[in-house]
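Just below is one structure, and these are the notes that go with it.
Small disclaimer: the values here were computed from a predicted structure and weren't measured.
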Amino acid sequence: MSNAPPTDLDTAMQRLAAAPADTPAEISARLAFHAELSRAELFVLLDAEITGDSMAPRVFDLSDVRAVLAFDSEYRLAEFAGTAAAYAALPGRILVSMLAESGEGLSLLVNADAPHASLMSAEAVEWLAATLSGPAPSEGQGVAQSFAAPDLPDSIREPLVAALERRLSGMPGLSGTVLAGVLWQHGTRGHTLALAGLPEETHPAVARAVSEALALSGLEAGALDVIFPPERMMQAIAAVGLPLSPAPFAMDEDQAITPGANPGLDPSRPPKLR
């Protein structure tokens, strides 16, 4: 058993492994695992150190699938490898996109050394990549007439709140998150997620993050408008809405670097698989 510190991804994997097969609990746990995978930093074993704009992940033949191995920490990768090994660190969302676009039908095995290791089939990898690459939603542009407490059944509200808190956790600058019902000036009712403290240039990316959270909780992306109200309006929304509690931003402590490691990658310019 690994001595690596637990991570949110590993916890989600344990819950998935413990969920009864073919039940709503398993579906919920699998979606939560996908959500954590997409936001986690993963450490991928390579055949050789990255050169230029391409990298060669080590591919393992596992019965009837070919899989790339990824770990949720350097510690766990080092324990598995046993010796110094070339690896790359990159966000899960980038990794699944790269695997899906490779055209090689590669699966993804996460934390291979754990009893609750998770093997994502090539089809699952492609589905997740497609979900994460969907078009960014437009921000709420209508004029709100009034706000109220969210009017959602528990079966929808609870997974929605959990998904939003999970996706928005650790977001730099986020100072307020409120889920509320809204009556738009043109007469329609709906729900909105009001966010405070975020620089304007981050709004499109945050709106996309919310859309991903909805998709990975099994809900329709169009079920929620995202708004970034001024302070006075945010106070009014918070007075009647449901405040959420995503984990605050915290600077990660530096992890020990394993000899043979590649430097961190630029997520906006990931290398190509070769």
Side-chain angles (χ1 to χ4, degrees), residues 6-44 57 62 65 67-73 76 89-102 105-112 114-137 155-171 193 205-224 226 244 246-247 267 270:
T7 64
D8 291 340
L9 176 58
D10 196 59
T11 299
M13 292 170 59
Q14 292 183 47
R15 291 173 178 166
L16 175 58
D22 301 321
T23 65
E26 184 196 26
I27 294 174
S28 177
R30 189 170 300 282
L31 289 170
F33 161 64
H34 288 160
E36 289 297 343
L37 179 71
S38 69
R39 66 190 291 267
E41 182 177 38
L42 297 179
F43 300 85
V44 185
L62 307 174
V65 301
V68 169
L69 269 57
F71 301 84
D72 63 350
S73 72
R76 195 182 285 275
L90 66 167
R93 60 187 301 112
I94 299 296
L95 176 60
V96 297
S97 176
M98 293 169 66
L99 295 178
E101 292 175 0
S102 72
L106 296 172
S107 298
L108 176 63
L109 179 59
V110 184
N111 288 355
H116 49 274
S118 183
L119 176 64
M120 291 183 65
S121 67
E123 293 76 16
V125 169
E126 291 173 1
W127 174 86
L128 182 56
T131 298
L132 297 175
S133 63
S155 60
I156 293 178
R157 177 177 53 80
E158 292 177 0
L160 173 60
V161 168
L164 292 173
E165 289 183 337
R166 182 169 54 241
R167 189 65 183 88
L168 296 173
S169 286
M171 186 166 290
L193 182 70
V206 174
R208 178 186 289 278
V210 171
S211 176
E212 292 172 2
L214 292 173
L216 294 173
S217 65
L219 302 175
E220 292 293 333
L224 192 68
V226 181
L244 306 189

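- The side-chain contact (heavy atoms from CB on, under 4.5 Å) test applied to S169 returns R39, P246, A247, not counting sequence neighbours.
- For S118, there are no side-chain hydrogen bond (donor to acceptor under 3.5 Å, both in side chains) partners, not counting sequence neighbours.
- Within the model, atoms CG of L108 and CE of M98 stand 12.0 Å from one another, a figure rounded to the nearest 0.5 Å.
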Start with the C-alpha distance between L37 and M120, add both sets of side-chain angles, then the distance that settles side-chain contact (heavy atoms from CB on, under 4.5 Å), and finish with yes or no.
CA-CA 11 Å; L37 179 71; M120 291 183 65; 3.3 Å; yes
side-chain contact (heavy atoms from CB on, under 4.5 Å) assessment of M13 paired with E36:
CA-CA 9 Å; M13 292 170 59; E36 289 297 343; over 6 Å; no
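- Residue pairs meeting the salt bridge (Lys or Arg N to Asp or Glu O under 4.0 Å) criterion with at least one member in residues 11-34, sequence neighbours excluded, are E26-R30.
- In terms of heavy-atom proximity, S102 sits nearest to L106 at OG-CD1, 4.0 Å.
- Listed by chain and number, the residues in a side-chain contact (heavy atoms from CB on, under 4.5 Å) with E126 are A100 (sequence neighbours excluded).
- Residues S38 and V96 have side chains not in contact (no heavy-atom distance under 4.5 Å, counting atoms from C-beta outward).
- By the side-chain hydrogen bond (donor to acceptor under 3.5 Å, both in side chains) test, E123 pairs with S121, sequence neighbours left out.
- A distance-only check finds a donor-acceptor pair linking the side chain of N111 to the backbone of D72 [under 3.5 Å].
- For the atom pair T11 OG1 and L16 CG, the distance stands at 12.5 Å (nearest 0.5 Å).
- Residues satisfying the side-chain contact (heavy atoms from CB on, under 4.5 Å) test with S155, not counting sequence neighbours, are P153.
- For S97, the side-chain hydrogen bond (donor to acceptor under 3.5 Å, both in side chains) partners are E101, not counting sequence neighbours.
- Listed by chain and number, the residues in a side-chain contact (heavy atoms from CB on, under 4.5 Å) with A35 are R166, L216 (sequence neighbours excluded).
- Under the salt bridge (charged side-chain N to carboxylate O under 4.0 Å, His left out) criterion, E165 pairs with no residue, sequence neighbours left out.
- Note: L109 CG to L69 CG = 4.5 Å, rounded to the nearest 0.5 Å.
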